[in-house]
Amino acid sequence: MEFLTRTKWWVIPLVWLPVVCWSVSKSVKMGLAPYLAGLIVFLGIITWTLLEYFLHRYLFHIKTKSYWGNTFHYLIHGCHHKHPMDGLRLVFPPAGAALVSLALWNLIDVLTKPFITPALYGGILLGYVMYDVTHYYTHHGKPSKGIILRLKRFHMNHHFRIRDKGFGISSSLWDIVFGTLPPAKAAKA
C-alpha cells in the first residue's frame, strides 16, 4: 500500500484545478453572481486553511499504540516525517484526496444551498491545491525573502525541531490563533 503514498507535486494542480473551475462555473450557471462566487471561493480558501490546521494537528499527529493504528498513521503522515525531503511524499495522492473530497462535497451540500455548494467546494479545493504546492515548495524551493521564506522556516521547525507546533503549512494564521506558532529564530531555511 505504500506506493499509494507517492505522488509528483504537479499531479495535484493537473487533477484538481479543472475540478475547481468546473465547480465555480457550476455555481455561476446556477445563478450565483460572479462577485459572490469569488467571495465564496475566498471563504472556501480560508475554510481550507482551518481544515488543514486541524487535520495536521489532530489527525496527522495522532498518538497511536496499536499495530494498525501505527500503520495507518505511518501511511497518512508518518512516512512524510520519516522522509521529509522525499519529493514524492509531499502532496496528498489524488486517490485519497478523491475520497475525502467526496465526503466534503456531501457535507457542504447538506450545510449550504445548492447554488453555493459548488463554489464553496471549489474554494476549499483551490485552498487544498495551494496548500499542496506550497508544502512541496517549502521542502524543495529556495525562497530568499518574504512570506514563503517565513512559511519554510516555520515548517522546517515543525519537521526538525518543534514537532508539536507549526501545524499550518499554507498559512500560519491558525497557529497564531491557537497558540502553536513556533519561534521564528529556531530554524533556518
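Keep in mind it's a predicted model, so treat the numbers as computed, not measured.
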Flag if over 12 foreign heavy atoms under 6.0 Å of CD1, Ile176: yes
Ile169 with Ile147, same ILVMFWY side-chain cluster at under 4.5 Å: no
Atom CZ of Phe42 with >12 non-hydrogen neighbours under 6.0 angstrom: no
Check: Ser27 side chain, Ala119 main-chain N or O, donor-acceptor pair, under 3.5 Å: yes
Residues which pass ring pair (Phe, Tyr, Trp, His ring centres under 6.0 Å) with Tyr58, listed by chain and number, not counting sequence neighbours: Phe54
Sequence-distant partners of Trp105, side-chain hydrogen bond (donor to acceptor under 3.5 Å, both in side chains), two or more places apart: none
Which pairs would a plain distance check flag for residues 44-51, meaning a side-chain donor or acceptor within less than 3.5 Å of a matching protein atom at least two apart in sequence or in another chain?
unit_1, atom_1, unit_2, atom_2, d
Thr47, OG1, Leu43, O, 2.8
Trp48, NE1, Glu52, OE1, 3.0
Trp48, NE1, Gly127, O, 3.4
Thr49, OG1, Ile46, O, 2.6
Thr49, OG1, Trp174, NE1, 2.8

Leu173 CG to Tyr53 OH distance, which is reported to the nearest 0.5 Å: 10.5 Å
Pairing residues for Ile148 by the side chain to side chain contact (heavy atoms under 4.5 Å, CB included) criterion, not counting sequence neighbours: Tyr137, Pro143, Leu151
Exam field: side chain Asp175 to backbone Phe167, donor-acceptor pair closer than 3.5 Å: yes
In one Ile/Leu/Val/Met/Phe/Trp/Tyr side-chain cluster, 4.5 Å: Ile124, Leu107: no
Side-chain heavy atoms of Lys165 within contact of Leu181, under 4.5 Å: no
Side-chain donor-acceptor pair present, Tyr121, Ser101, cut-off under 3.5 Å: yes
Co-members of Leu102 in a cluster of I, L, V, M, F, W and Y side chains, linked at under 4.5 Å: none
Atom pair CZ (Phe92) and CH2 (Trp16), whose distance is rounded to the nearest 0.5 Å: 9.5 Å
Distance-minimising heavy-atom pair for Thr138 and Met156: O-CE, 3.5 Å
For Ala33, side chain to side chain contact (heavy atoms under 4.5 Å, CB included) partners two or more places apart: Tyr35, Leu36
Side chain to side chain contact (heavy atoms under 4.5 Å, CB included) against Trp22, all qualifying residues, sequence neighbours excluded: Lys26
Side chains of Asp132 and Tyr128, donor plus acceptor under 3.5 Å: yes
OG1 on Thr180 to NE2 on His158, rounded to 0.5 Å: 10.0 Å
Linked, directly or transitively: Val177 and Leu55 (ILVMFWY side chains, under 4.5 Å): no
All side-chain hydrogen bond (donor to acceptor under 3.5 Å, both in side chains) counterparts of Ser172, not counting sequence neighbours: none
Main-chain N/O of Gly141 paired with Lys152 side-chain donor or acceptor, under 3.5 Å: yes
Smallest separation among heavy atoms of Pro118 and Met30, with atom names: CG-SD, 4.2 Å
Euclidean distance, His140 NE2 relative to His135 NE2, rounded to 0.5 Å: 9.0 Å
Which residues share a side-chain hydrogen bond (donor to acceptor under 3.5 Å, both in side chains) with Thr112, sequence neighbours left out: Thr117
Nearest heavy atoms of Val28 and Ala37, plus distance in Å: CG2-CB, 3.9 Å
Side chains of Phe178 and Arg57 in contact at under 4.5 Å (non-hydrogen atoms): yes
Contacts of type side chain to side chain contact (heavy atoms under 4.5 Å, CB included), residue Val15, not counting sequence neighbours: Val11, Pro94
Separation of Leu126 CG from Tyr131 OH (nearest 0.5 Å): 15.0 Å
